[in-house]
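Please read the structure below before turning to the comments.
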Amino acid sequence: MERINQVNPQHADPDALFADHLDAQLSRYFDAMERCHHDALVIAAGEPALHFLDDMPVSFKPNPHFRVLTPLHPAEGSSIVLRPGQRPVLLHLRPRDFWHLSPEPATGTWTEGFEIQEYASPEALQQGRDTLIKGANAAAFIDPDAAPAPARLLAHLDHSRAQKTGYEIACLALANHRAAKGHRAARDAFRAGEAEFGIHMAYLSASSQEDAELPYGNIIALNEHAAVLHYQHRQRQLPPGGSRSFLIDAGATERGYAADVTRTYSATAGAFADLITALDTAQRDLIESIRPGMDFVNLHRAAHLAVGRILGDAGIARGDPEALLSSGVTGAFLPHGLGHLIGVQTHDVGGRLADAEGGLRPPPESFPALRLTRTLIEDVVVTIEPGLYFIPMLLEALRHSGESARIDWSAVDALIPFGGIRIEDNVQVTAAGCVNLTRPALAAEGLA
Ligand code: GLY
Ligand code: MN
Ligand code: MN
């Protein structure tokens, strides 16, 4: 694929980059339509779903295809219609409604790329859509409220989505800056002795986000909770005995683009703090090794070898890293994938696509959780998030396996109360290697 991004993301203004972004996206969409023989494409933002047997809506995220093409917010009920050779039409729903605040007219330089039509009701907007696609022989719909979109069209779009434009990378960098403000406040709240709930509230306030604006539910985990990979609760009381460790996996959004950032802290010096330092070094080394053309599966493998080395150096496991990997020992301590694509979705689609036609490259049997099996190319943005956890369920299986003798169980038992470690950055692949979008943002807040 052609190089499409020349911009230093730390200093980029998304507004100045949107026109190029829209051009690049429209070429992708029109190209996919042509290959799949569609002469019209309707992309609906969608409507908020209601709770079961209730009239209250759940929080709303627009169709990611809508979000890629426009930062319009709020977007509920709006649509985009693409016809080859014509300007894209944004059908903006601005209902006349005294129950809710009606959206303001769309403003900003990004609107220049669209013909904008305003509608005062969903019915009128539907008629507007019908008029725009009248005469099309093979219209396609990517609409959460319609039949599933054509799989081949989606494969083409999902495959190209991995490579980000300068606008997208600028948004991802800004999202990281917002997340970094939250991470700093959360670290300070942990040090001040706050419980999970208080840390979460400090994060939201400092990053200026409501819960519904987060790209994913914050993981705010003290002590053993850090061993629950997607820990979803926030205890209002401190654990008995206080906090020993703190894992925070928390992000932010900018114009719909996500940051996905994890850090781990220890309350005291000692073996767990040393493991954090070792994993942090390993994570930086993995990032430094990134080059375009690299197979992400091999990078994931390198992460396992690094975890094997750390376990050996710490006296937790015996054996060389290769043996610890092939025997499944590293898998007990690192049961998730090294990373994933990131963009308008935290786990951006297409991570296992082998090609634009929808062929799949499943992960190797030994790494079933790996979400990304593609070869890295310039301007793909991924997370790099090695972990090292003390998960009782997995450790019990290891303890009763033929590999048990490799483990110093007294060392493991002493570390179980700390839960685990994950260090996660968002990284743009470049011609020379990669650019870390997270570390400069954290450094600006005095964090590592
Ligand atoms: N926060 C979810 C993940 O790291 O993938
Ligand atoms: Mn992640
Ligand atoms: Mn994460």
Side-chain angles (χ1 to χ4, degrees), residues 9-10 12-15 45-46 48-49 56-64 66-68 70-76 100-101 103-104 108 167-190 192 194-222 230-236 246-263 265 340 342-348 381 383 385 422 424-426 437-447:
Q10 297 303 324
D13 168 15
D15 289 337
M56 292 294 160
V58 301
S59 70
F60 173 76
K61 282 196 177 136
N63 171 355
F66 186 92
R67 182 47 77 231
V68 161
T70 162
L72 179 76
H73 176 79
E76 285 91 327
H100 303 101
L101 187 66
E104 292 295 321
Y167 165 82
E168 293 182 296
I169 290 167
C171 290
L172 291 164
L174 283 173
N176 270 271
H177 277 276
R178 183 183 288 276
K181 291 186 193 310
H183 272 261
R184 180 188 175 150
R187 193 247 356 226
D188 292 347
F190 161 66
E194 292 277 357
E196 291 168 353
F197 178 81
I199 297 172
H200 176 62
M201 298 312 279
Y203 184 93
L204 291 179
S205 175
S207 62
S208 187
Q209 299 179 97
E210 296 182 22
D211 250 306
E213 293 174 297
L214 296 171
Y216 55 91
N218 278 353
I219 298 169
I220 304 282
L222 295 175
H230 284 170
Y231 174 65
Q232 71 277 41
H233 302 297
R234 279 133 222 155
Q235 299 289 339
R236 286 165 198 252
F246 171 40
L247 184 154
I248 171 169
D249 184 345
T253 50
E254 174 67 35
R255 292 161 162 85
Y257 286 81
D260 180 6
V261 177
T262 309
R263 286 295 180 270
Y265 302 96
H340 49 84
I342 184 165
V344 287
Q345 294 173 294
T346 305
H347 298 154
D348 219 0
V381 180
T383 66
E385 49 181 306
R422 179 161 65 255
E424 177 175 27
D425 291 347
N426 306 164
L437 303 177
T438 304
R439 296 229 176 218
L442 292 175
E445 299 298 327
L447 301 176

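Position 1 is the first residue of the sequence; numbering continues from there.
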Tell me, do D15 and R255 make a side-chain contact under 4.5 Å, heavy atoms counted?
yes
Does the side chain of Y231 pick up a donor-acceptor pair with the side chain of D249 at under 3.5 Å?
no
Would you check if the side chain of E254 reaches a backbone N or O of C171 as a donor-acceptor pair within less than 3.5 Å?
no
Rounded to the nearest 0.5 Å, what's the gap from OG1 on T438 to CG on L172? Could you check?
9.5 Å
Minimum heavy-atom separation for F66 to A75, with atom names?
CE2-CB, 3.5 Å
If I compare all heavy atoms of L174 with all of P14, which pair ends up nearest, and what's the gap?
CD1-CG, 3.5 Å
Spatial distance of atom NE2 (H230) from atom CD1 (I219) [nearest 0.5 Å]:
5.0 Å
Test item: K61 side-chain N/O and G256 main-chain N/O as donor-acceptor pair under 3.5 Å:
no
Distance col, row L214:CG vs T346:OG1, nearest 0.5 angstrom, shows 9.5 Å
For N426 and V261, indicate whether the former's side chain and the latter's backbone hold a donor-acceptor pair under 3.5 Å.
no
How long is the gap from CG on D425 to CG on D260, to the nearest 0.5 Å?
10.0 Å
Please round to the nearest 0.5 Å and tell me the distance separating atom CD of Q232 and atom OH of Y216.
15.0 Å
When every non-hydrogen atom of A206 is compared with those of A185, the smallest separation belongs to CB-CB, 3.4 Å
Does E385 use its side chain to pair, donor to acceptor, with the backbone of R422 at less than 3.5 Å?
no
Y203 side chain vs G251 backbone, donor-acceptor pair below 3.5 Å:
yes
Check whether any side-chain N or O of R178 sits under 3.5 Å from a backbone N or O of S207 as a donor-acceptor pair, and report yes or no.
yes
Non-hydrogen atoms of R67 and Y257 that approach each other most closely:
O-OH, 4.5 Å
Is the side chain of R234 donor-acceptor paired with the backbone N or O of N218 at a distance under 3.5 Å, no angle test?
yes
Name the residue from D188, L447, T262, N176 that meets the side-chain contact (heavy atoms from CB on, under 4.5 Å) definition with H183.
L447
Answer with yes or no whether the side chains of D211 and H200 bring together a donor and an acceptor at under 3.5 Å.
yes
Member of H177, K181, R187 meeting the side chain to side chain donor-acceptor pair (under 3.5 Å) criterion with E445
K181
Go through the steps for L442 and R263 under the test side chain to side chain contact (heavy atoms under 4.5 Å, CB included), then give the verdict.
CA-CA 10 Å; L442 292 175; R263 286 295 180 270; 3.2 Å; yes
Hey, what do you get for CD (E213) to OG (S59), rounding to the nearest 0.5 Å?
10.0 Å
Do L222 and F190 have side chains that get closer than 4.5 Å, going by heavy atoms?
yes
Might you point out which heavy atoms bring A259 and P215 nearest each other, and give the distance in Å?
O-CG, 3.6 Å
Hey, what's the ring geometry for F246 with Y265, parallel, tilted or perpendicular (30° and 60° as the breaks)?
parallel
